[in-house]
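Please read the structure below before turning to the comments.
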Number of protein chains: 2
Amino acid sequence: MAQMTIDTPTRSEMTEARIIAAARRLFVTRNYADVTTGMITEEAGVTKGGLYHHFPSKERLYVTMMLRDLEGKRRMFSRAVEMEGTCRERLARITRDFLELPEEDRELTRLVRRDINIFTDPERDKLVRAYQRALPDLIERIVTDGIAHGELRPGNPRILSWSFVALVEVVIGEYAREALGDSDARLGHVLDLFFHGAAA
Amino acid sequence: MAQMTIDTPTRSEMTEARIIAAARRLFVTRNYADVTTGMITEEAGVTKGGLYHHFPSKERLYVTMMLRDLEGKRRMFSRAVEMEGTCRERLARITRDFLELPEEDRELTRLVRRDINIFTDPERDKLVRAYQRALPDLIERIVTDGIAHGELRPGNPRILSWSFVALVEVVIGEYAREALGDSDARLGHVLDLFFHGAAA
DNA sequence: AAGCAAACCGACCGTCCGGTCTGTTAGGAA
DNA sequence: TTCCTAACAGACCGGACGGTCGGTTTGCTT
């Protein structure tokens, strides 16, 4: 019973995974409202009946998919928080982890901020909290340590971590890759700008 | 004929303005798909017939509303570009102009980035270009001057201007107001972070 | 006052979409 | 093999939404 989750998945688990994977692919490229359940079932190779056997509604499917992804990201990014090293080294680690994610996984992070307003408060709150736990909270802990150790100027750690996330988001996308180069170059740019600013 | 636009507006122009104002109010708070034409007509005090007499579709209404707003912003922000002074002073001016805008006007700027993916390329391109002209292009010109005059380190001006916009967006919203204080404090925070970074 | 075009009304239509429901199939237990 | 439940199929429904269209009002011209 306890080990059932680690051996071969059941048929039910496999179709559920197929549905979630299809939903991920579609929600990344199109708006929530523009992704129909018909598109999801077609992409997943099931029918309406199959989908609604596993998920009670389109909204729950979306939320489940997102929460599962964010929990995975949280576990991954937590390694950078628990790592030894300077504030800059730890921020570099978490940013590199993020930049080297597959594009679909990166884009998914933007969905939370994009679609957060279309849900009402029981589900909305879950999504916000899961996102906070997965990324901003972790960065905030690194930033707080940085301030405590004198590496960063005193200031509001939450605002600083949001600022850092915002700077990272800038170097995602096609133009930044052309202008700055590979992951290392973009990573260096973000860190230099965040730590030392743009002044000469 | 040529001066007709500056004296008392016609009935047609007034209802058109009412419709656009209603659409603005609604689109800021709700998703594009979640704002129905019925809600717009109710808010504007007209009926479906009235709305579709002035606009051929919901999409065109949205685009017209947005383009009109962005053109106004472009004219306003252009004053900071044409102003004399250091790079920091000019960036301060444009940022202050932005921060002191009514909340609805500020939020509207975020709509472009939020809803840009739901339109297809003839209209989508118009929106992107109008937004570029209204804000990032102007900041890029200031940043380019700053690099030329030795105030900023050499670097890609477009990436830098996007970074600046991203930092400004962080200090919008309720939490930043509580944590940092009034417009002046938030403005100072953004400028300090952009010019000198967060390092001690 | 008559005429006329623009402005506006609001019932209506076609479509589409989330969700339901009845039925069928697979697959393990006995 | 038998049987029973979970898994899935797919036709169908209710409703909402964008857009239409024939008719009515408004206000300017002559």
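A, B, ... follow the sequence lines: proteins, then strands. Residue 1 opens every chain.
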A/Y52 side-chain proximity, nearest of C/dT20, C/dC8, C/dA11: C/dT20
Gap between atoms CD and P, on B/E16 and C/dA6 respectively (whole Å): 15 Å
Nearest-Å distance for atom pair CG/P, residues A/L26 and C/dC17: 13 Å
d(CE, A/M39; C1', C/dC16) in whole Å: 13 Å
Nucleotide nearest A/H54 (side chain, heavy atoms from C-beta), chosen from C/dG19, D/dC8, D/dG19: D/dC8
Spacing between B/I40 atom CD1 and D/dC17 atom P, to the nearest angstrom: 12 Å
OP1 or OP2 of D/dA16 under 4.0 Å from side-chain N/O of B/T36: no
Nearest-angstrom distance from the residue atom CD1 of A/I19 to P of D/dA7: 11 Å
Step-by-step side-chain contact (heavy atoms from CB on, under 4.5 Å) determination, B/L70 to B/R133: CA-CA 8 Å; B/L70 287 174; B/R133 274 197 302 269; over 6 Å; no
Between D/dG18 (P) and B/Y32 (OH): distance, integer Å: 8 Å
Ring pair (Phe, Tyr, Trp, His ring centres under 6.0 Å), paired with B/F164, selected from B/F98, B/F195, B/F194: B/F194
Nearest-Å distance for atom pair CZ/C1', residues A/F119 and C/dG18: 14 Å
Options D/dC8, C/dG18, C/dC8, nucleotide nearest the side-chain atoms of A/T37: C/dG18
Cluster link B/V143 to B/M83, ILVMFWY, side chain under 4.5 Å: no
Geometric cation-pi criterion, A/K58 with A/Y32: 6.0 Å, 45°: yes
B/S57 side-chain N/O to D/dG18 phosphate OP1/OP2 under 4.0 Å: no
A/H53 side-chain N/O to D/dC8 phosphate OP1/OP2 under 4.0 Å: no
Sugar-phosphate, base or nothing in reach of B/S12, heavy atoms under 4.0 Å: sugar-phosphate
Separation of atom CG in A/D34 from atom P in C/dG18, rounded to whole Å: 10 Å
Cation over ring face, A/R158 and B/Y175, 6.0 Å, 45°: yes
Distance-only donor-acceptor test, A/K58 side-chain atoms vs C/dG19 base atoms, 3.5 Å: no
